[in-house]
Amino acid sequence: VQLQASGGGLVQAGDSLRLSCAASGRTSVTYIMAWFRQAPGKEREFVARITYSGGRTDYADSVKGRFTISRDNAKNTVYLQMNSLKPEDTAVYYCAATTSWTIGISAYDYWGQGTQVTVSS
């Protein structure tokens with residue numbers, strides 16, 4: 001499976017962005033999809049995840065109520081709608097795929113290349 005993340009950019013605090021992650025290749029497998037992020041000098045951290053059906057989602061406390069993960073399986077695409085962005089949301093955002101309901105990074109088999117999100121104050 002190949003993952004291609006896009007949609008990042010430079011925005012001001014309070015603005016919104018929508019990230020997309022397009023999957024190609026072995027998309028017939030019912031992968032759980034997630035977004036992670038990594039800020040400069042920090043470890044990669046979990047942001048949000050969603051089951052294949054979209055019926056179950058989970059968020060990091062730091063983004064709960066501001067970010068929404070969704071997916072369109074017909075388009076093999078996962079989205080991350082980010083509202084009320086804060087400077088502390090600045091990071092490279094990665095999409096990832098796994099077959100396990102986990103936030104453990106090592107369990108994710110496939111990763112996108114990352115897209116930069118910068119939020120200015």
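These figures come from a predicted structure and were not determined experimentally.
- Screening residues 45-83 for disulfide (SG to SG under 2.5 Å) gives no qualifying pairs among residues at least two apart or on separate chains.
- Taking every heavy atom of both residues into account, Thr102 and Tyr108 meet most closely at O-OH, 2.6 Å.
- No donor-acceptor distance shorter than 3.5 angstrom exists from the side chain of Thr115 to the backbone of Ala5, with no hydrogens or angles considered.
- Between Leu17 and Val11, the closest heavy-atom pair is CG-CG1, 3.8 Å.
- Applying the salt bridge (charged side-chain N to carboxylate O under 4.0 Å, His left out) rule to pairs touching residues 107-119 yields nothing, sequence neighbours excluded.
- Using a distance-only test at 3.5 Å, with no hydrogens or angles considered, no donor-acceptor pair links the side chain of Thr77 to the main chain of Ala22.
- Residue Tyr31 holds its OH atom at 9.0 Å from OG1 of Thr98, rounded to the nearest 0.5 Å.
- The disulfide (SG to SG under 2.5 Å) pairs that include a residue from residues 51-88 number zero, where partners must be two or more places apart or lie in different chains.
- Each disulfide (SG to SG under 2.5 Å) pair with one or both residues in residues 69-121, not counting sequence neighbours, appears once here: Cys21-Cys95.
- Applying the disulfide (SG to SG under 2.5 Å) test to every pair with at least one member in residues 42-71, sequence neighbours left out, gives no pairs at all.
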Cut-off 3.5 Å, no hydrogens considered: what does the side-chain donor-acceptor table look like for residues 78-88, sequence neighbours left out?
from  : atom 1 : to    : atom 2 : distance (Å)
Gln81 : NE2    : Asn83 : OD1    : 2.9
Asn83 : OD1    : Ser16 : OG     : 2.9

### Message
Under the criterion side-chain contact (heavy atoms from CB on, under 4.5 Å), I'd like the reasoning laid out for Trp111 against Ile105: C-alpha separation, chi angles, the key distance, then a yes or no.
### Response
CA-CA 10 Å; Trp111 291 84; Ile105 291 175; 3.6 Å; yes

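- When hydrophobic clusters are built by joining Ile, Leu, Val, Met, Phe, Trp and Tyr residues whose side-chain heavy atoms come closer than 4.5 Å, directly or via intermediates, Tyr94 is not grouped with Phe67.
- Listed by first and then second residue, the salt bridge (charged side-chain N to carboxylate O under 4.0 Å, His left out) pairs that reach into residues 69-81 come to none, sequence neighbours excluded.
- At distances below 3.5 Å, at least one donor-acceptor pair connects side-chain atoms of Tyr59 with backbone N or O atoms of Ile69.
- Annotation for Trp101: hydrophobic cluster partners, listed by chain and number, are Ile32 (ILVMFWY side-chain heavy atoms under 4.5 Å, direct or chained).
- Between Phe46 and Asp58, the closest side-chain pair of non-hydrogen atoms falls below 4.5 Å.
- Partners of Gln12 by side chain to side chain donor-acceptor pair (under 3.5 Å), not counting sequence neighbours: none found.
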N/O donor to acceptor pairs below 3.5 angstrom from side-chain atoms of residues 34-43, sequence neighbours left out:
from  : atom 1 : to    : atom 2 : distance (Å)
Arg37 : NE     : Glu45 : OE2    : 2.7
Arg37 : NH1    : Asp89 : OD1    : 2.9
Arg37 : NH1    : Tyr93 : OH     : 2.9
Arg37 : NH2    : Glu45 : OE2    : 3.2
Arg37 : NH2    : Ser62 : OG     : 3.4
Gln38 : OE1    : Arg44 : NE     : 3.4
Gln38 : OE1    : Arg44 : NH2    : 3.4
Gln38 : NE2    : Lys42 : O      : 3.1

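- Not counting sequence neighbours, the partners of Ser6 by the side chain to side chain contact (heavy atoms under 4.5 Å, CB included) test are Ser20.
- What you find for Ile50 and Ser70 is that their closest heavy atoms are CD1-CA, 3.7 Å.
- Evaluation of the side chain to side chain contact (heavy atoms under 4.5 Å, CB included) rule for Gln4 yields Gln113 as partners, not counting sequence neighbours.
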